Amino acid sequence: MQSFALTLSLVLMAAIVLIFGWVVLSASTREVPPAKPFRWRSPIFWILIVAGVIISVATLSPWPMSGHTASASEPDQVIQVTGQQWRWELSSDTVESGKEVEFQVTSNDVNHGFAIYRDKTKLITQTQAMPGFVNKLRVIFDEPGEYEVMCLEYCGLSHHAMSATIFVR
Ligand SMILES: [Cu+2]
């Protein structure tokens, strides 16, 4: 598997080099026409500003997230999570549904992405696992079952195999 990944990476890198070379060689030298001057009163400008404000307020309103505020209450359970190439170490892999769990996430080597999935496709939540830092992530699992932990940050050859299971009772 690793030799296949290496071969595939080398082939794709060679393809990128060839495409880049082709673009450089086929680029023309004629001058680019000057850009039109920016108009403050353009309706599209104001539509984008209003849309940006509405989208920001609508999507950022749940923040700051639970556990990130100075007056946060104690979680029901704390789980220490350490990522390293290429596995997850969890101080416990069993939690109760409806209880607030705080994951304290760090890494022993490089950056990893601590991501919790339901049914391997639905991303529940995620945070970075960073060497020298502990990132706190609070989750309440509503449904009992098995949840998959996967790595969301490419961290080397066996990144895809970096997984664990959380059992919610
Ligand atoms: Cu990874």
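Scope of the values below: all heavy atoms of this structure, side chains included, with no hydrogens, waters or symmetry mates. Both counts, for ligands and for their atoms, begin at 1 and track the order of listing. No experiment lies behind these values; they were computed from the predicted model shown.
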Chemist: Taking W86 for its side chain and C155 for its backbone only, find out whether a donor-acceptor pair lies under 3.5 Å.
Modeler: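 Here the side-chain-to-backbone pair exists.
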Chemist: If you look only at distance, which donor and acceptor atoms sit under 3.5 Å apart when one is on a side chain in residues 121-134 and the other is two or more places apart or in another chain?
Modeler:
from : atom 1 : to   : atom 2 : distance (Å)
T121 : OG1    : D119 : O      : 3.4
Q128 : OE1    : N111 : ND2    : 3.0
Q128 : NE2    : E153 : OE1    : 2.9

Chemist: Thinking salt bridges, do E143 and R118 make one under a 4.0 Å N-O criterion?
Modeler: yes
Chemist: Could you please give the number of protein N/O/S atoms within less than 2.8 Å of the Cu ion (ligand 1)?
Modeler: 4
Chemist: Any sub-3.5 Å donor-acceptor pair from E100's side-chain atoms to V139's backbone N or O?
Modeler: no
Chemist: Could you check whether any side-chain heavy atom of V110 comes within less than 4.5 Å of a side-chain heavy atom of H112, counting everything from C-beta outward?
Modeler: yes
Chemist: Determine whether more than 12 heavy atoms belonging to other residues, nucleotides or ligands lie under 6.0 Å from atom CD1 of I44.
Modeler: no
